[in-house]
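A, B, ... follow the sequence lines: proteins, then strands. Residue 1 opens every chain.
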2 protein chains.
Amino acid sequence: MSPKVSKEHKEQRRANILEAAKDVFIEHGYEQTTMKHIMDAANVSRGGLYQYFSNKEDVYEAILEEMLGTSMDRTEEVLKSEDPSYWEYLLRCLYGPDMEPDNKMDPLASPSLEFFITGRNDPRRRKYAKTRYYNGLKLFTDVIEQGKISGEFTTSFESEMIARTIISFTDGLALDQAIITKEDVKIKEQSILFIEYLRTILGVKQ
Amino acid sequence: MSPKVSKEHKEQRRANILEAAKDVFIEHGYEQTTMKHIMDAANVSRGGLYQYFSNKEDVYEAILEEMLGTSMDRTEEVLKSEDPSYWEYLLRCLYGPDMEPDNKMDPLASPSLEFFITGRNDPRRRKYAKTRYYNGLKLFTDVIEQGKISGEFTTSFESEMIARTIISFTDGLALDQAIITKEDVKIKEQSILFIEYLRTILGVKQ
DNA sequence: TTGCAAAACGACACCGATGTCGATATAATA
DNA sequence: TATTATATCGACATCGGTGTCGTTTTGCAA
């Protein structure tokens, strides 16, 4: 009845495997990585790996769950900060605490997009894609809505529609950087231009 | 020495296979379709298919070549029309002759994005992705540049950077519609908002 | 017709990845 | 130290897809 191996140890092991798997996915992408790759990276045998995850999709879903969780946490945190400007909230959600776009995006973005797009005919995968999309949509819509109420944004466009364009643009940037490479896509410069766009379309009062 | 089967016949057969393959790719996506699927759809045997194409990648590249070709032709055509407004040129390049965004995108967009992103570590595939990107970039940059020269666009932003955001936004929209589905992404409404954005960022004089 | 080169066929061998399973190692408890 | 549940191992059978190859069919040309 009593456990022969501590629960913490098991969770630790699982976390280690996930950590290693993440690196493999970043390097090879979703489709190209095999369970063998993960086994090697995590120093675990075939049987050992299958003890924790029943297949590759299962592994990636675990990584996704974690991502979706922490991204929600982070933005919650941002929104709870005492800064009163919704415009800054928005920039923080997009570009982190220092509100400065840089040249690279989340390295897990491209394997994830790959996971979503190759599984677009699979209800299970699509569910993850939708969750991710609607999480982002809700967050941005809320912030814009709040900004309107507070009088900081004077736009007459629908908050939700602006939120959608934010997501589409961000996704497009991630996609282009994945298939073309960073240097060629000029993420930073595009982001700066996009901020300018947002500023005008939202009618930000300074 | 002389051919036993006319060259036209052979080209016709090849074209038929490609036609069928295109439908299969649209239905199953790139990764999920197998040579067997294509064989069945095109009513050709295994050996027969391999007579024309040496593998799946080869088939898809043929489709891509065709796409890249016709898209260049079409935009060439648009640019050669006698209409003097560069703003309208731009809208036509984006949304076709009637300049009205609709709710759906090219059905081959998602298999192509899949082809590009799953092959992002393969130089061969990346070359296709780059060609596609830079074709679009050149087109939009040229049009915007012309519009500036003619005085129709008064923006002080770099033409190339605006062109890049056009591509990123368009790609993002295609991606989102692929992984989420049309109805949920509201492509038309987003496009209308995007046109508004373009109008302001370009400083279009009416 | 007949001859023949190319096109079309489909059986087959191959391969790499998968998930299972019986054997073994491990570590907590008695 | 002995017991025992379970974590770990890796060999193995399986499977689906691939590309080849020897055979058959086709249709133009002599």
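For B:F153 and B:Y86, the distance between ring centers is not under 6.0 angstrom.
Distance, A:D40 CG to D:dC9 P: 12 Å, rounded to whole Å. We find that CD1 of A:I17 is positioned 12 Å from P of D:dA7, with the value rounded to whole Å. Regarding B:D58, its CG atom lies at a distance of 14 Å from the C1' atom of D:dT18, rounded to whole Å.
Residues passing the ring-ring contact (aromatic ring centres under 6.0 Å, His included) test with B:F116, sequence neighbours excluded: none. Residues passing the side chain to side chain contact (heavy atoms under 4.5 Å, CB included) test with A:N135, sequence neighbours excluded: A:L68, A:M72, A:T131. A search for side chain to side chain contact (heavy atoms under 4.5 Å, CB included) contacts involving A:D58 returns A:F53, A:S54, A:N55, not counting sequence neighbours. The side chain to side chain contact (heavy atoms under 4.5 Å, CB included) test applied to B:D40 returns B:K36, not counting sequence neighbours. Evaluation of the ring-ring contact (aromatic ring centres under 6.0 Å, His included) rule for A:F157 yields no partner, not counting sequence neighbours.
Contacts between residues 41-56 of chain A and DNA chain D, defined by a heavy-atom separation under 4.0 Å, are made by A:V44, A:S45, A:R46, A:G47, A:G48, A:Q51, A:Y52. Of the residues in residues 22-39 of chain B, not one comes within less than 4.0 Å of DNA chain C through any heavy atom.
Contact annotation: B:K10 does not reach the phosphate of C:dA6 (side-chain N/O to OP1 or OP2, under 4.0 Å).
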Could you list the donor-acceptor pairs under 3.5 angstrom formed between side-chain atoms of residues 14-21 of chain B and any protein atom two or more places apart in sequence or on another chain?
| unit_1 | atom_1 | unit_2 | atom_2 | d |
| --- | --- | --- | --- | --- |
| B:N16 | OD1 | B:Q12 | NE2 | 3.1 |

Solution key, residues 166-174 of chain A side-chain donor-acceptor pairs under 3.5 Å, sequence neighbours excluded:
| unit_1 | atom_1 | unit_2 | atom_2 | d |
| --- | --- | --- | --- | --- |
| A:S168 | OG | A:R164 | O | 3.3 |
| A:S168 | OG | B:D176 | OD2 | 3.2 |
| A:S168 | OG | B:Q190 | OE1 | 3.0 |
| A:T170 | OG1 | A:I166 | O | 2.7 |
| A:D171 | OD1 | A:R132 | NH2 | 2.5 |
| A:D171 | OD2 | A:R132 | NH2 | 3.4 |

